Amino acid sequence: MFVIVNKSQGTLHSEPTRQSYRGKSYKSAGAAKAGITRTVKYYAKAIQQVADVVAEGKPEYHASMYNAYRDATEDRSDSMFSNRNYDYRNVCNGTDLEVVAHEDYVEPQITRTGTSPYDGREITVTTGINSIGTHMDPLCESHYTN
């Protein structure tokens, strides 16, 4: 089994067009490399689609792939919505992605302090970087819901 890893952050990469139930692992290194190629082509298609819409005289946000276009072209490293102050453009062109055997992947751990959504206490937790914001994150409300 192989995975695509974001070299700058150490996170697992998920293809933008891949269904979430299929997971993030691939049976072969070639399949994972094809996933990187599909990611690059997806963002290239978004850029082309926005260029076509602008050529028609419409605003760029009329394109259906406008959000993917923004990921591929804008520097969001200083935005409050950015993913840990990371410039996503390097993922969109494939330079920050690499294929790694699943057993060789070591998930980086992050220690955070925050207010527990369960009872309001301040807690400090150490979580894997891929679990932040999911139901496995103790600082996320969905961790405590049934």
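Just so it is clear, the structure is predicted and the values come from calculations on it, not from any experiment.
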Which residues pass the salt bridge (Lys or Arg N to Asp or Glu O under 4.0 Å) test with [X], sequence neighbours left out?
X	value
Asp104	none
Arg121	Asp119
Glu103	none
Lys45	none

Heavy atoms only: give me the nearest [X]-[Y] pair and the separation to one decimal.
X	Y	result
Val50	Glu60	CG1-CB, 3.5 Å
Val53	Ala63	CG2-CB, 3.8 Å
Gly10	Ile129	O-CG2, 4.2 Å
Gly128	Gln109	N-OE1, 3.4 Å
Thr115	Gly120	CG2-O, 3.4 Å
Ala46	Tyr69	CB-N, 3.8 Å

Could you state the interatomic distance from [atom1] ([X]) to [atom2] ([Y]), rounded to the nearest 0.5 Å?
X	Y	atom1	atom2	result
Thr17	Lys41	OG1	NZ	11.5 Å
Thr126	Ile110	OG1	CD1	10.0 Å
Tyr26	Arg18	OH	CZ	4.0 Å
Thr11	Tyr105	OG1	OH	6.5 Å

Pair Val5, Leu12 - check side-chain contact (heavy atoms from CB on, under 4.5 Å), show working. CA-CA 5 Å; Val5 177; Leu12 294 177; 4.2 Å; yes
Those residues that, when tested against [X], pass side-chain contact (heavy atoms from CB on, under 4.5 Å) (two or more places apart):
X	value
Glu56	Lys58
Tyr61	Pro59, Tyr66
Ser64	Gln49
Thr127	Val125, Ser131, Asp137, Pro138

[X]: side-chain hydrogen bond (donor to acceptor under 3.5 Å, both in side chains) partners, not counting sequence neighbours:
X	result
Thr39	His13
Glu107	Asn130
Gln48	Asp52

Around atom NE2 of His102, are there more than 12 heavy atoms of other residues, nucleotides or ligands at under 6.0 Å?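 No, because the 6.0 Å sphere around NE2 of His102 holds 12 heavy atoms or fewer from other groups.
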Could you list the donor-acceptor pairs under 3.5 angstrom formed by side chains in residues 28-37, with sequence neighbours left out?
{"residue": "Ser28", "atom": "OG", "partner": "Ala31", "partner atom": "N", "Å": "3.1"}
{"residue": "Thr37", "atom": "OG1", "partner": "Lys33", "partner atom": "O", "Å": "3.2"}

Name the residue from Arg38, Arg22, Lys24 that meets the salt bridge (Lys or Arg N to Asp or Glu O under 4.0 Å) definition with Glu15.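 Of all the options given, the one that passes is Arg38.
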